[in-house]
Amino acid sequence: MPAITLPDGSVRPFDGPVTGTAVAEAIGPGLARAALIMKLDGKLVDMSTVVTADANIAFVTRRDEDALEMIRHDAAHVLAEAVQELFPGTQVTIGPSIENGFYYDFARNDPFTPEDFPAIEAKMKEIVARGAKFVRQEMDRDDAIAFFMAKGEKYKAQLIQDLPKDQTISLYSQGDWVDLCRGPHLRSTADVGMAFKLMKVAGAYWRGDHRNAMLSRIYGTAWRDQKELDAYLHQLEEAERRDHRRIGKDMGLFHIQEEAVGSVFWHPKGWKLYRTVETYMRRRLDSNGYQEVKTPQLVDRSLWEKSGHWENYRQNMFVAQVEDENKFLALKPMNCPCHIQIFRQGMRSYRELPLRMAEFGCCHRYEPSGALHGIMRVRQFTQDDAHIFCTEDQIASETARFIELLSSIYRDLGFPEFRIKFSDRPEARIGSDAEWDKAEGALREACAIAGVSFELNPGEGAFYGPKLEFVLRDAIGRDWQCGTLQVDPNLPERLDAEYVGEDGARHRPIMLHRAILGSFERFLGILIEQYAGRFPLWLAPVQAVVATIVSDADGYAEEVATAFRRAGLDVRTDLSNQKINAKVREHSLAHVPVLAVVGRNEAANRTVALRRLGSQAQEILPLAEAVARLKAEATPPDLRDAEGATEIA
RNA sequence: GCCGGCAUAGCUCAGCGGUAGAGCAACUGAUUCGUAAUCAGUAGGUCCACAGUUCGAUUCUGUGUGCCGGCACCA
């Protein structure tokens, strides 16, 4: 006698076991038509699921967010059926829903190409139009394996083989086509709708392991209706316009060329941006108790042998050989061993701890060719690196302090939101469980003190200690690790760093590796995308252009530019023989934040007409006032008389 | 590194088995104009590199390099 409680609190009794479909029908024909799937005591299940006991049920319709994921999951099934109909002999593997869409991995000798899409999409639409019901069937494990083996689906058989012994094996069929699937599903393929599109093909390793076979993956996007799909496609186009590689070229910020793959040629404007951020960072570090150092680029192999890098990281290192001497030097892939060399000079006391040693350290890493991406992933990059030498007891407070500094800097640079991932102990690790407990506990405590939450990234810590990763998102939704903090008791041990404690004995310090931007290259790439090249005045490489309307104003324009320049602004003049319309357009496209227009009127009255990027309004101000205003606005956030400038004591 | 795609003027791109074209930018001249394109003219290319097929290759084939999208990697 199940009594069904609905979201509005009302209760409906039923005489006996009842399917979700029947419950929906009992409530009303409209709901019965709209209900795609139901939430049974909070868990999504098929509409055909039989309810035998008292339960809470909520029906999910196309309007609900939950419907999206189901539509995408089912679209993956429809894709798989379409592919197998069109390309017999193709084996299916897995096909989940993902952010914005779905994918399906197929095993096939000839990988798919985008040219196959029109046919596959047409077939998918045909399958959706057929509207075959999704039917769930449970099968005995061995039967299921035999079933898929008989169909030549070795990957599916393998999947079942590896499922836990006690797990129910369920299959879903849509017409004649059957797939191994945990479910749940919508009612029929018709519920997928037509608002989907195949996006790209890609190779992907079976089970994400590069030792396995390469499968052919097809990515698609799917939405609740055409309007949503169109909006998404439009958003993608917009995102492409923000691409830092596009903007870097258009604004003349940097370039990369074949002779120096993975290394950036910074042009004057790009370097100006770089220097503005670097100068800002240096001020923040200086006022936060860091000591800046500079260490060598080329370091003898012997140090890398001691640090362990020669053994474990060599395939990523650029090695230089000196002709006259039988020596190998390596370009440093990281700064830590060098910083320990400075720490080791002389005798250190516990009174010096925590000792915060910072370097804008240029590192080289031979990254895999396929990993390179614009200036976001390069082979030569400069980290805003620092190492905090401290005691075990200082880890939590130093980490909390670091998170606060990082948050303040991200906020200043236009990233009020960011994600934190907490990577804890991996399988392969050194150190005792007690030591790991302590280090992980300290990072947790630090997050609590700083008032930030994190997502757990289980087992992803370094072999020597746990870490926090601070993640920012680029224009098209890819996540990039920027900031990081890692607890490391290992390297001080290997490179013999020590200090004299309060007790007069020698102790090993803990080393906290930390970076806020991560690397200038990556961070600037994200910064460019964040602002789409329309930087706030203090960051903009060219801050203002003084443009004339008539050549009679040339002299005054120079005067205005000089006044701006004296106020510390990077200003250009545009005295060219063009209409003001053309000048406005040109400098707007170049993302210059302030356009100061001067014509006969301004010259006569000693005023300027200011026009802001993105606005059509103009403001006529006396020259002195314009200078004062822009100067104030161009002041970096940490130097303004606001609360944001307060430093941690 | 692996799978797929791409490589033509500074940029965005078209094109073809008979050694190349547009728009924008650049340059020259005219125009002095009030807030997102003034007009006219000129110049600009080893069609990524190497090898092969061919009477002839920028075009077809192969190899390499680089880039793009994923995957793997990311101390």
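Labels below follow one simple rule: chain letters A, B, ... track the order of the sequence lines, proteins then strands, and each chain is numbered from 1.
At a cut-off of 3.5 angstrom, counting only N and O atoms as typed in the model, there is no donor on one side facing an acceptor on the other between the side-chain of A:Arg207 and the base of B:A72. Between the side chain of A:Glu602 and the base of B:G34 there is at least one donor-acceptor pair of N/O atoms closer than 3.5 Å. At a cut-off of 3.5 angstrom, counting only N and O atoms as typed in the model, there is a donor on one side and an acceptor on the other between the side-chain of A:Gln618 and the base of B:U35. Looking at A:His309, its side chain comes within 3.5 Å of the base of B:A75 through a donor and an acceptor atom. Evaluation of atom-type donor-acceptor distances gives a pair under 3.5 Å for the side chain of A:Tyr205 against the base of B:G1.
For the OP1/OP2 pair of B:C33 and a distance below 4.0 Å, the side-chain nitrogens and oxygens of A:Arg600 include at least one atom meeting the criterion. Between A:Arg429 and B:A75 there is no side-chain N or O to OP1 or OP2 distance below 4.0 Å. The shortest distance between the side-chain N/O atoms of A:Asn581 and the OP1/OP2 oxygens of B:U35 is not below 4.0 Å. Between A:Arg611 and B:A36 there is a side-chain N or O to OP1 or OP2 distance below 4.0 Å. For A:Arg245, no side-chain nitrogen or oxygen approaches OP1 or OP2 of B:C67 to under 4.0 Å. The phosphate of B:G1 has OP1 or OP2 within less than 4.0 Å of a side-chain N or O from A:Ser369. Distances shorter than 4.0 Å separate none of the side-chain N or O atoms of A:Arg246 from OP1 or OP2 on B:C11. OP1 or OP2 of B:A72 has not a single side-chain nitrogen or oxygen of A:Arg211 nearer than 4.0 Å.
Listed candidates were B:A75, B:U35, B:U38. Nearest to the side chain of A:Ala609 is B:U35. Considering only side-chain atoms of A:Thr113, the nucleotide from B:G70, B:G4, B:A36 that sits closest is B:G4.
Within 4.0 Å (heavy atoms only), A:Gly518 reaches no atom of the nucleic acid at all. At a threshold of 4.0 angstrom between heavy atoms, the contacts of A:His373 are confined to the sugar-phosphate backbone, with no base atom among them. Residue contacts for A:Asp488: at a heavy-atom cut-off of 4.0 Å it reaches no nucleic acid atom on any strand shown.
Within 6.0 Å of CD in A:Gln341 there are more than 12 heavy atoms belonging to other residues, nucleotides or ligands. Dense packing is recorded around NZ of A:Lys294, with more than 12 heavy atoms of other residues, nucleotides or ligands lying under 6.0 Å away. For A:Asn109, the CG atom sits in a loose shell: 12 or fewer heavy atoms of surrounding residues, nucleotides or ligands are nearer than 6.0 Å.
Pair assignment for B:U32 gives none, since no Watson-Crick or G-U wobble pairing has each distance under 3.5 Å. Base pairing analysis places B:A51 opposite B:U61; the two distances defining the Watson-Crick or G-U wobble pair are each below 3.5 Å.
At whole-Å resolution of the value, CG in A:Leu595 and P in B:A37 are 14 Å apart.
Proximity of residues 196-203 of chain A to RNA chain B (heavy atom under 4.0 angstrom from any strand atom) is restricted to A:Lys200, A:Val201, A:Ala202, A:Gly203. The stretch residues 249-264 of chain A comes close to RNA chain B through A:Lys249, A:Glu258, A:Val261, each having a heavy atom under 4.0 Å from the strand.
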